[in-house]
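Structure first, commentary second.
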Number of protein chains: 2
Amino acid sequence: MRPSAKKIASLLSQKGHKLTAQRRAVIDVVVNSREHLAPAALYERVRRAHPAIGLVTVYRTLEMLHELGLICRVHRGGKSRTYTLAPSGHHHHLVCTECGIVADFTDCDLEVLQQRLSQETGFKIEGHLLQFVGHCRNCQGGT
Amino acid sequence: MRPSAKKIASLLSQKGHKLTAQRRAVIDVVVNSREHLAPAALYERVRRAHPAIGLVTVYRTLEMLHELGLICRVHRGGKSRTYTLAPSGHHHHLVCTECGIVADFTDCDLEVLQQRLSQETGFKIEGHLLQFVGHCRNCQGGT
DNA sequence: CTTATAAGTGAAAAACATTTTCAATTAAGT
DNA sequence: ACTTAATTGAAAATGTTTTTCACTTATAAG
Ligand SMILES: [Zn+2]
Ligand SMILES: [Zn+2]
Ligand SMILES: [Zn+2]
Ligand SMILES: [Zn+2]
């Protein structure tokens, strides 16, 4: 079950952050969006409810939510990053290179590989990034 | 066996591109570097042999080599992308978040997962990005 | 309900990475 | 040598993210 805006706000507060109107507005938009959104797109949506907010604050709030593990961030080489409400726990992405839509999936089974690489290279592996790219159902026609 | 500068230059030429002194200089640096390098870093190195070259040309040449599949490009969320001579075929990376060093590995076994995702989501999957992050041997002390 | 204050805000500027423009140069074929 | 389309590089444009700093405000203490 997706966390509510109230829940997220309260977690923020518990961590010693102030609950400002701007932060509530950003949280509302994130909670009510299914898609992964770039800061600029989120900014547009947030402004509908809170016209005076600054883009900087959106950036700051998103980073903060991300650091608390409440939302998930995706880097899309070159393009701007996107954020979305974190589904429960570890997951990965499937990105459409045409329209940018992102689908999530949760299983990856990389432990064995990770273990072996760690031994071979001496790296202390702390995480992984797994992402498939391709074309979504809508973008398979033409071009 | 890594391709030689001569080999790369000749491939470039075969594809109908001109063989300029600038391109030769970029190719030389790429061939003689083991690390993944950002355009700016490559630019610095290229300037030692060819002081008058412009950063733009380095960008253009790298993109061109990448499009021909001769070098491999890595996006590092947020930071600048890096390029390196393509080891033969498909491979992945292990990145140190402290110093940025990159190690390559070649096996990933993602076909089964890919097949299943493709069916479940309707995506036509064209590639994947797999990357482990952690700390290399040198960067494991402290912090 | 004040008051104090540390946290938060936002406009503007800075910092970057990358791309575009365009006049001048040059590799390569005839 | 001549021609010409490809290439170059300085500068400007673009686009994203970060920094700065004077001003505002949430929150907690009195
Ligand atoms: Zn699509
Ligand atoms: Zn995973
Ligand atoms: Zn390191
Ligand atoms: Zn692979």
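All of these numbers come straight from a predicted model, not from anything done at the bench. Sequence lines set the chain letters: A, B, ... in the order given, protein chains first and strands last, and positions in each chain run from 1.
Checked for salt-bridge contact, A:E63 and A:R60 miss the test: no charged N lies under 4.0 Å from a carboxylate O.
Remark: C1' of C:dT25 and CD1 of B:I53 are 15 Å apart, rounded to the nearest angstrom. One atom, CD of B:Q14, and another, P of C:dG29, lie 13 Å apart when rounded to the nearest Å. Remark: P of D:dT8 and CG of B:L55 are 13 Å apart, rounded to the nearest angstrom. Between B:K79 atom NZ and C:dA15 atom C1' the separation is 16 Å, expressed in whole Å. Here the C1' atom of nucleotide C:dA11 and the OH atom of A:Y43 are 10 Å apart, to the nearest Å. At whole-Å resolution of the value, NE2 in B:H50 and C1' in C:dT26 are 12 Å apart. Counting to the nearest Å, the P atom of D:dT7 and the CG atom of B:L65 are 12 Å from each other. When rounded to the nearest whole Å, the span between NZ of B:K15 and C1' of D:dA6 equals 18 Å.
Heavy atoms only, all atoms of each residue included: A:I71 and A:L62 are closest at CD1-O, 3.4 Å. Residues B:A25 and B:V46 come closest through the heavy atom pair CB-CG1, 3.8 Å. Closest non-hydrogen pair, B:T84 versus B:S33, comes out as OG1-O, 4.5 Å. Between A:F105 and A:L94, the shortest heavy-atom contact is CE2-N, 4.4 Å.
Taking 4.0 angstrom as the limit, B:R23 places none of its side-chain polar atoms (N or O) nearer than this to OP1 or OP2 of C:dA27. Between B:H17 and D:dA6 there is no side-chain N or O to OP1 or OP2 distance below 4.0 Å. A:Q22 has no side-chain polar atom (N or O) that falls below the 4.0 Å cut-off from OP1 or OP2 of C:dG8. Checking the phosphate oxygens (OP1, OP2) of C:dT19, a side-chain nitrogen or oxygen of B:R81 falls inside 4.0 Å.
Of the candidate nucleotides D:dG9, C:dT18, D:dT20, D:dG9 has the atom nearest to the side chain of B:R60. Checked against D:dT25, D:dT17, D:dA11, the side chain of A:K18 finds its nearest nucleotide in D:dT25. Distance from the side chain of A:T20 is smallest for C:dG8 among the nucleotides D:dT7, D:dG9, C:dG8. The side chain of A:Y59 lies closest to D:dT18 when the candidates are D:dT18, D:dG9, C:dG10. Comparing D:dG9, D:dT16, C:dA28 by their nearest atom to the side chain of A:S80 picks out D:dT16.
Contact annotation for A:A52: backbone-only contact, meaning every heavy-atom pair under 4.0 Å involves sugar-phosphate atoms and none involves a base.
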